[in-house]
Every structure is written in structure tokens, then in C-alpha cells.
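Here is the structure we will look at.
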Amino acid sequence: MTGSSPVPSANFIRDIITEDIKADKNSGRVHTRFPPEPNGYLHIGHAKSICLNFGIAADYNGRCNLRFDDTNPTKEEAKYVESIIEDVRWLGFDWGGREYYASDYFDLLYGYAVQLIKKGKAYVCDLGAVEIRDHRGTLTEPGRESPYRNRPVEENLGLFDRMRAGEFEDGSRTLRAKIDMASGNINMRDPVIYRIQKAAHHRTADKWCIYPMYDFAHCISDSIEGITHSICTMEFEDHRPLYDWFLDELEIFHPRQIEFARLNLSYTVLSKRKLLQLVEGGYVAGWDDPRMPTISGLRRLGYTPESIRNFCERIGVAKRTSLVDVALFEYCIREDLNKRSPRVMVVLRPLKVVIINYPEGRTEELDAVNNPEDRDMGTRKVPFSKVLYIEKDDFREDPPKKFYRLTPGREVRLRYAYYIKCVDVIKDEETGEVTELHCTYDHETKGGDSPDGRKVKATLHWVSAADAIGCEVRLYEHLFLKPNPDDPKDEADFKEHINPNSLETLASCMAEPSLAIASPGSRFQFERQGYFCVDTVDTSQKRLVFNRTATLRDTWARIEKAARGTK
RNA sequence: UGGGGCGUCGACAAGCGGCAAGUCAGGAGAUUUUGGAUCUCCCAUUCGGAGGUUCGAAUCCUCCCGCCCCAGCCA
């Protein structure tokens, strides 16, 4: 693992593990696993689980396996396992070659099923899906036993063998555990453990036409791998009695399942189903759209693995349902990027400035520091000349209160350059829009300090027009307008809360020339604006594209907003 | 009317019978060639509610209230 991580905070799972070690369970061994189903892309919620499982293994001198829970061939694909591997690795974790698949255990699983049948604890049921549902009962009424429940062991064995041989149609029969149709826990009402699916599997191809269900496969896979602590999310709490039942009946190594609350993040959604709808409905450009909370989307947006790990550490681990403020996540990436990203000047919405007393045709190379937080990052040269661009937002003809930036007659500093004063405002005759500013500069203030000690209130970023590099910048905002688009009490479809302004593309931005060699994926702080990352997909030799990872904290924007609120 | 789980600051979250950590957000000030960063201070006399046990309760007991999950041959 690279980079620094904060000291892990206490949580109930660590408490349990510490106690288990104290009690000498598993001879003090700690072994976890991250068990994704390869049916979609990983997102920030998975990152929480990844950090938890790998983090615990690391801290207790244990191990963590990467295991693909691939028991449903109709939904799983090899492309997903590749992306999952890439993402977990990118996050900074290593599974030491222990890359396993539930499908690796299909033979063993089959054997365990036979064992259950022989023990009289499982039977082949001829009921169809609808009938099984009818027999299951409801939340408040017990179920009814299947008429096939008491088939003789030999008959079950024969039938199960024929199921595997492909003699029956999909859905015509299942293998069920014989537990208790009257249980208050619906998972214990003779759950299906094998179903017939004549579908090719991404790893075992056509070898099987029957596939084990999650409840059966998961606990046994954990057992086979010697997992000591099987950490999963709260919705599996109801499944724990079943998890324990299989292991007890089979009398094999018994890991301990522990459940924690999954992550919910404000202004986004974190369910594979909803994320899929966003992709398929064209609301975003793909799984790695920078607005997606997927690991690939966050990576493209410019988030670092360190910031994500840090975030996962800060949010903690508990059992209660919660909605984490996305501001915390943004704080984590700013904190990281503030320390390590080189600063650079880029004008997003250019306003032309002519320095009327600066010599025509002259260019100076001025020194600019790359990162005030880290002097070791050195300095660079930035060209200055008569015609410049500054940010439109940095000039106001009619300045509101507390506006420190450039206004007619006012003097401000151009970062690392000179003090300039606005002497004339040129407007479009038709629209009245300000198109150009005429300013004078003070030769004495080179570098940005005035020898006479006079102060200016603002420092602006700028770029020399003749030397500027045109580029495209994509400004992202939260994908949703509501903090909790997932709110179960909200009757509207979550897609109705999509933010129509989640992406703003600025096609004619002006960057300082040092950015000419910026490589895809590299991150910068555009001074006074935010953190930006060179887009890895759309950037080409001809086109430089930046994604805004996060804005800088913007006190002025807050003042303005507050003023608007008072009016 | 079943089963399981959870309720501590605006958001997360410690706390495990001895008198409410920390982080983010928010507010005030200092500092500043990024209205950034940094620094200082403020922000729960109270832990869903009501009783009870105890010298002492967020922590133990009882009842009540609220929220989440479960009726896939998904995971």
C-alpha cells in the first residue's frame, strides 16, 4: 500500500476480532475476504468494504482474499472481473495471489449438497417458481411444506444427479434445504440451494447446468478458504442463521459472519441497479463518467486512492443506516491534492486585458512557485506580455460590497507578475457586454510586491494571450439535486432529481504554456479555482481536456450567496 | 398480526456504570502574493421518550415511540 493512512479508529468489528484473538479462536489467525459479484463496476460503497476487509487483515497481521462470487452465470461477465481487479489494485490493495472464485468450488459444492441429501437435510422439489412462492407463506403467516419434502434419500440422490446431467428444463426442479417452513425468518423456510440454469458460465463454460445459490455457496466458500471473519452488509443479517445452519450440518470449518451498514453518500446513488439505469438511460456517458460514484468514475474525475482510503477511514463502521455528507468526501480529496498537486494558472472564462503602458512585442519570463505547501516542488517560468487574459468573474464594473477584485480605477495584483490598475472598459456596442479592459502596470511591482509597501486586496490569476494554450475544461457538480435521491419515502423516481447542470463544458479556456506537456491523468490545482485532472479518455494530441475534481473552498461565493439571500 | 436490526451535535462517530472524544459542515478572529492553505476560539448541562435500579445511568432493567431490512430458482 502506498501513501499515508490515518490510524484506524475503533469499531465494533475490530472489537469482536480483538476478543476472538484474546479467546484464542482460530489460533489467533485473522483472515477476511472481499467477495464481489462480477456483474457490475465497483463504487465508493464497495471501497468501504474493501478498505475494511483489507485494512483489518493488514492491521491484525492476517490475510484478505479477493473472491468473485460468481454463482449466477446469467448476470456475470469476465469484463467485470477485469475491472474489479483493476479497481481494487488501484485502490492500493494486494491479495497476494489469492484470487479465488466461487466457481472454483462447484465440484466441492456439489459434493456438499449430496452430503446434505444423504443426511436427509435436502430434497429435490418439483414445484415451480410460482408454487414455491405460494408455499412460502408471508411475513406474518407460516409457509406450507412442499409435497416433495419427504422424498426418500435415494430418490433425491437420483433426481439431483439427473438435474446435473441436464435431464430437466430450467426452473422445473430445485434442490432445497429441509429446515422449517414455519420459521419467522423466511430464509429458513426450505430455501432453494441449487437451481437449473442451462447457461454458459464465464469460467466453467458449459460444464454445469445447475448452479448453487448465494446462501449455500458463500458460507462454504468462506469455510474452504479458512476465512475467520466474514464481513458483509446488514441486509445479510437475516441470512446468518442459514449461513450457520449449512456449516453446522456439514460439520466443516465455521467462519463468523459479521454485518455492518453499507455506505450511503449524499447527492448520489449507490445501488448497482440505479447506477445501471443512469448508464443505460444515457443520463451519464458510461460507468466511468466522472459524475459516477464508481471507482472508475472517481479515478477519471481525479480522486486519488489515498483520498478514498482516507474517506473510508473517517466515515467509520457501524450498524446504523446513515447518509454521509459528500462534503466530507470532497474535503478528503482537497486535503490530499492541496499537499501534492502543482499549481498552475488557467483562465476558464477569458476576458482580454491590454496593458497599455507595457512595451509592444515584449515578453518576460516570471518565476512562479509550483506548490507553496511544498517548496521542494520548485518553481517554473511563466511568460508575461502586453495582452493577457484574466477571469471574467474577476472584474466587475459595478462592484458589490466586499468585492476585492478588479474594478474601474482599482489596483490589484497579477500573481507573480505586477500590480495593474484598470483605466478603461471596452464594451460591445450592441450587447453592452464587457469585451476588453485597458490597464496600466507598475513596473516597480515586478514579482508582485510593491517597494513602497502599498497593499492590494486581491491577487488574480492570468495568462499571456500570445503564449496561452487553448483547452477544454469540464465543470462537474453533484449528479442529483436532492441530498437523498434514494429516499424510500420519496414517491418520485430517483431520476427526477437529476441535476440538469451536473456538467458544464467550457471549450475555450486558456492555460499557461507549461501545461502543454501535461499527461493524461495528471492532476493540478488551477490557482484560485480548484483541482483539475487531465481527462484520460478524451484528451488527445489535438485537444487538452480537464475534469474539475473539486472546487477550492470559495469564501467569496459564500459571501455573495449570503448577500443574495438577504435581499 | 411474523422475524431481524438500529436510534448520541446539521452530517458521520467514539463511549461498554464515574459525570458527552474526534472529524466534516457552520460561525468568529489572526495570518496570507490563491477570498486557498494554516492557526486560534465557538458550536450536545445532554444521549428517541417515560419510568425504574444505583451514591452515581448515554451506558443496566421495563414499557412506549420512530427508522431500516426480509416474502428472487439475485447477491
Side-chain angles (χ1 to χ4, degrees), chain A residues 6 9-11 15 35-37 39 69-72 74-76 125 127-129 132-133 136-143 170-176 182-189 191-197 210-211 213-215 217-218 232-241 259 261 266 272 313-332 334-335 338-339 343 345 369 372-373 402-405 413-417 419 445 447-449 456-461 483 488-489 525-530 551-559:
Chain A
S9 55
N11 67 53
D15 290 347
E37 182 190 12
N39 71 341
D69 221 330
D70 56 351
T71 57
N72 186 352
T74 62
K75 294 191 174 166
E76 296 143 9
C125 181
L127 258 25
I132 285 188
R133 184 163 64 234
R136 189 155 29 226
T138 68
L139 292 178
T140 53
E141 304 156 34
D170 281 17
S172 62
R173 269 175 246 256
T174 56
L175 182 71
R176 295 225 258 164
S183 173
N185 182 345
I186 291 173
N187 296 120
M188 301 300 270
R189 320 237 262 229
V192 169
I193 60 184
Y194 261 94
R195 77 283 216 187
I196 301 170
Q197 270 186 125
I210 56 171
Y211 293 92
M213 297 289 289
Y214 165 85
D215 288 302
H218 202 89
C232 61
T233 44
M234 292 301 289
E235 65 270 27
F236 292 102
E237 198 154 29
D238 285 346
H239 295 241
R240 194 171 65 229
E259 311 83 13
S266 64
K272 277 188 191 173
E313 190 53 55
R314 282 187 218 245
I315 57 177
V317 180
K319 297 183 79 158
R320 69 178 94 120
T321 308
S322 63
L323 180 65
V324 176
D325 193 339
V326 72
L328 212 212
F329 195 29
E330 290 166 349
Y331 172 83
C332 290
R334 287 192 190 106
E335 180 190 45
N338 174 49
K339 290 191 201 106
R343 268 111 260 218
M345 292 196 285
V369 340
E373 301 289 319
K402 291 189 185 167
F403 182 87
Y404 303 156
R405 283 110 95 145
R413 169 168 42 231
L414 292 182
R415 183 141 230 226
Y416 302 127
Y419 283 12
T445 59
D449 277 310
V456 288
K457 283 211 123 175
T459 300
L460 311 185
H461 60 280
K489 280 181 299 251
Q525 184 199 97
F526 288 3
E527 294 227 21
R528 303 206 307 132
Q529 312 206 84
T551 59
L552 244 32
R553 214 164 147 258
D554 191 346
T555 306
W556 167 241
R558 214 167 307 160
I559 292 169

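By convention in this document, chain letters (A, B, ...) are assigned in the order of the sequence lines, proteins followed by strands, and residues within each chain are numbered from 1.
With values rounded to the nearest 0.5 angstrom, A/R195 atom CZ is found 11.0 Å from A/T174 atom OG1. Put simply, CG on A/N338 and CD on A/E373 are 4.0 Å apart, with the number rounded to the nearest 0.5 Å.
Between the NE2 atom of A/H461 and the P atom of B/U34 there is a distance of 13 Å, rounded to whole Å. In this structure, the OH atom of A/Y416 is 15 Å from the P atom of B/G36, given to the nearest Å. The CD1-P distance, from A/I559 to B/G27, rounds to 10 Å in whole Å. For A/K457 and B/U34, the NZ to C1' distance is 16 Å, given to the nearest whole Å. A straight line from CH2 of A/W556 to P of B/G35 spans 12 Å, rounded to a whole angstrom.
No side-chain donor-acceptor contact under 3.5 Å links A/E141 to the backbone of A/G137. Remark: side-chain polar atoms of A/T138 are paired, donor with acceptor, to backbone N or O of A/T140 under 3.5 angstrom. Counting only distance, with no hydrogens or angles, the side chain of A/R189 and the backbone of A/S183 share a donor-acceptor pair below 3.5 Å.
Across all strands shown, B/C6 pairs with B/G66; the Watson-Crick or G-U wobble distances both stay below 3.5 Å. Partner assigned to B/G18 is B/C55, using Watson-Crick or G-U wobble distances below 3.5 angstrom. Using N1 to N3 plus N6-O4 or O6-N4 for Watson-Crick, or N1-O2 and O6-N3 for G-U wobble, each under 3.5 Å, B/A11 pairs with B/U23. Here B/A71 sits opposite no nucleotide as a Watson-Crick or G-U wobble pair (both hydrogen-bonding atom distances under 3.5 Å). Applying the Watson-Crick and G-U wobble criteria (two distances, each under 3.5 Å), B/G29 pairs with B/C39. B/U34: no Watson-Crick or G-U partner with both key distances under 3.5 Å is found in any strand.
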*For side chain to side chain contact (heavy atoms under 4.5 Å, CB included), just list the numbers for A/E237 and A/H239, CA-CA rounded to whole Å, side-chain angles, deciding distance to a tenth of an Å, and then say yes or no.*
CA-CA 5 Å; A/E237 198 154 29; A/H239 295 241; over 6 Å; no
*Check against salt bridge (charged side-chain N to carboxylate O under 4.0 Å, His left out), A/K75 and A/E37*: CA-CA 9 Å; A/K75 294 191 174 166; A/E37 182 190 12; over 6 Å; no
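Among the heavy atoms of the strands, none lies under 4.0 Å from A/P241. At a threshold of 4.0 angstrom between heavy atoms, the contacts of A/L414 with the nucleic acid are absent. As judged by a 4.0 angstrom heavy-atom cut-off over every strand, A/F526 is placed among residues making no nucleic acid contact. Within the nucleic acid shown, A/E237 comes within 4.0 Å of sugar-phosphate atoms alone, with no base atom in reach, counting heavy atoms only. Residue-level contact check: A/E259 touches neither bases nor backbone, having no heavy atom under 4.0 Å from any strand.
You won't find any donor-acceptor pair under 3.5 Å spanning the side chain of A/Q529 and the base of B/U34, going by distance alone.
Taking the side-chain contact (heavy atoms from CB on, under 4.5 Å) definition, one finds that A/V326 meets it with A/L265, A/S266, A/Y267, A/F329, A/E330, A/H478, sequence neighbours left out.
Both A/S322 and A/K319 lie near RNA chain B, and the one whose nearest nucleotide falls closer to the 5' end is A/K319. Toward the 5' end of RNA chain B, the nearer of the two residues A/G448 and A/T555, judged by each one's closest nucleotide, is A/G448.
When the P atom is compared between B/A11 and B/A25, the two are found 15 Å apart, to the nearest whole Å. Using C1' as the reference atom, B/C69 and B/C9 are 27 Å apart when rounded to the nearest Å. Between the P atoms of B/U62 and B/C6, the separation comes to 15 Å (whole Å). As rounded to the nearest Å, B/C55 and B/A13 have C1' atoms that lie 31 Å from one another. With both ends at atom P, the span from B/C65 to B/U53 equals 23 Å, rounded to whole Å. With both ends at atom C1', the span from B/U8 to B/G48 equals 10 Å, rounded to whole Å. As rounded to the nearest Å, B/C73 and B/C61 have P atoms that lie 38 Å from one another. Straight-line distance between the P atoms of B/C43 and B/A28: roughly 15 Å, to the nearest whole Å.
Proximity of A/H461 to A/R343: side-chain heavy atoms (C-beta onward) are nowhere separated by under 4.5 Å. Taking the side chain as every heavy atom from C-beta outward, A/L460 and A/R528 approach each other to under 4.5 Å. Two residues are said to be in side-chain contact when any heavy atoms from C-beta on lie closer than 4.5 Å; A/I132 and A/R176 meet this criterion. Counting heavy atoms from C-beta on, the side chains of A/P191 and A/M213 never come closer than 4.5 Å.
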*Between protein and nucleotides 69-75 of chain B, map the contacts as a letter string: B base, S sugar-phosphate only, - none, heavy atoms under 4.0 Å, written 5' to 3'.*
BBBSBSB
*Reading 5' to 3' through nucleotides 14-25 of chain B, protein heavy-atom contacts under 4.0 Å coded B for base, S for sugar-phosphate only, - for none*: S-B------SS-
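For the OP1/OP2 pair of B/G35 and a distance below 4.0 Å, the side-chain nitrogens and oxygens of A/R528 include at least one atom meeting the criterion.
Nucleotide B/G72 carries a syn base; the chi torsion (O4'-C1'-N9-C4 or O4'-C1'-N1-C2) is within 90° of 0.
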